[in-house]
Amino acid sequence: AKNAGKNKVQMFSGSLAQQLGERNEIEYGLGHALQRQELMLYYQPQINMQHGNISALEALIRWQHPERGLIPPDQFIPVAEETGHIFAIGEWVLQTACKKIKAMQTEWGYLVPIAVNVSPIQFLRGNLVETVQRVLRQERVPPHLITLEVTENARFKDEAMFTRTLEQLKRLGVCIAIDDFGIGYSNMAYLKNYPIDELKIDKAFVQDLEQSVTNGNILLALINLGKSLHKSVTAEGIENEYQHRFLLHSGCDVGQGYYYSKPLSDEALAQFMREQRPK
Ligand code: C2E
Ligand code: CA
Ligand code: CA
Ligand code: CA
């Protein structure tokens with residue numbers, strides 16, 4: 001029995017060591033991932049539910065690691081937030097999204113807005129407003145073509161700073177979306193006082209939809225709340241026809257999810273756009 005206990009401890013410390021090793025590797029690698037051009041953006045189409053066409057793209061970061069392959073953001077963004085790498089990465093994301101808007105305009109002749117995710121750390125501590133203004137100017141992209149997606153976590157951490165940043169960003173002319181909306185169980189009354197353009201309902205609500213009528217009612221309530229505040233409402237994580245139809249008939253404005261398209265590499269996006277375009 002004593003031995004078994006010992007083995008358990010060893011197994012645990014072994015996996016912990018492995019985790020720490022991975023974490024160190026990620027932390028170390030992040031230091032030069034940018035210079036070595038290992039980071040890339042995938043783009044997931046957002047669909048105008050009434051008309052069925054693309055209304056925008058969401059930029060989603062990936063790390064093409066030389067040894068580990070494609071690393072999803074959940075595995076390195078939290079580390080980047082702790083180490084401060086998030087500031088350089090965030091600027092790169094915005095700059096790359098702006099260049100993509102220009103490239104799409106040149107290639108296909110129309111302007112597709114892009115939504116980028118902004119970490120609460122960037123939102124509250126960095127010189128986000130100056131950075132956004134500078135990058136938009138450098139890249140010559142009209143501000144209304146960029147949506148910044150931020151979660152309510154930023155507001156919980158520092159409400160005064162959250163408000164200030166929001167107002168300054170609005171003055172710049174960029175759009176603001178509240179990402180993962182609904183999971184904060186917050187006092188939603190604050191929404192009417194903020195210059196927020198869009199509510200992005202968390203995919204958990206969409207994915208629970210088929211399990212009970214209550215879940216459907218919660219989703220409806222979130223959509224109606226958004227509509228009554230005159231916000232654009234986006235639902236993410238739409239994976240099937242049932243979810244699509246429910247949201248369409250509930251008055252949701254924009255849909256995003258595997259049902260329409262998964263996040264696409266540059267090449268896959270070009271293919272997608274070719275298929276979309278009327279001949
Ligand atoms: P998010 O902003 O809530 O993004 C939605 C996530 O859901 C994405 O995961 C997307 O690939 C995934 N998704 C899209 N459609 C579906 C669907 O139909 N079903 C399911 N189950 N999932 C779907 P991803 O790309 O792994 O990103 C995870 C999170 O990482 C994002 O959540 C966002 O919080 C963060 N993130 C991604 N890119 C960036 C970035 O450039 N900067 C920052 N700060 N965070 C980022
Ligand atoms: Ca997002
Ligand atoms: Ca989300
Ligand atoms: Ca999320």
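We count ligands from 1, going down the list as the structure has it; atoms in each ligand are counted the same way. Source: prediction; values computed, not measured.
- Residue Pro263 approaches ligand 1 through these ligand atoms, each under 4.0 Å from one of its heavy atoms: 11 (O).
- The closest non-hydrogen atom to atom 24 (P) of ligand 1, taken over Ala204, Pro120, Ala80, Pro73, comes from Pro73.
- Those atoms of ligand 1 with a heavy atom of Gly257 less than 4.0 angstrom away are 15 (N), 18 (O).
- No part of Asp202 comes within 4.0 Å of ligand 1, judged by heavy-atom distances.
- For the pair OE1 of Glu149 and OD1 of Asn117, the angle at the Ca ion (ligand 2) is about 90°; rounding is to 10 degrees.
- Taking the ring centroids of Phe162 and Phe156, they lie at or beyond the 6.0 Å cut-off.
- Numbered from 1 in the order shown, with element, the atoms of ligand 1 that lie under 4.0 Å from a heavy atom of Glu236 read 3 (O), 5 (C).
- Residue Arg134 qualifies as enclosed at atom CZ: its count of foreign heavy atoms under 6.0 Å is above 12.
- When each atom of ligand 1 is checked for a heavy atom of Gln207 under 4.0 Å away, the hits are 19 (N), 20 (C), 21 (N).
- Listed by number with element, the atoms of ligand 1 under 4.0 angstrom from any heavy atom of Glu239 are 17 (C), 18 (O), 19 (N), 20 (C), 21 (N).
- Atom CG of residue Leu57 and atom CD of residue Gln256 lie 9.0 Å apart, to the nearest 0.5 angstrom.
- Here is the list of ligand 1 atoms found below 4.0 Å of a heavy atom in Asp180: 3 (O).
- One side chain, Glu210 or Asn240, offers a donor N or O that lies under 3.5 Å from an acceptor on the other.
- The atom name of the N/O/S atom in Glu58 closest to the Ca ion (ligand 2) is OE2.
- Note: Met104 CE to Ile54 CD1 = 8.5 Å, rounded to the nearest 0.5 Å.
- With Val116, Ile61, Asp179 as candidates, the residue nearest to atom 40 (C) of ligand 1 on a non-hydrogen basis is Ile61.
- For Asp179, the N, O or S atom with the smallest separation from the Ca ion (ligand 3) is OD1.
- If you look at Lys262 next to ligand 1, there are no close heavy atoms at all, none under 4.0 Å.
- For the Ca ion (ligand 3), the nearest N, O or S atom contributed by Asp180 is named OD1.
- When non-hydrogen atoms are compared, ligand 1 lies under 4.0 Å from the backbone of Leu60 as well as from its side chain.
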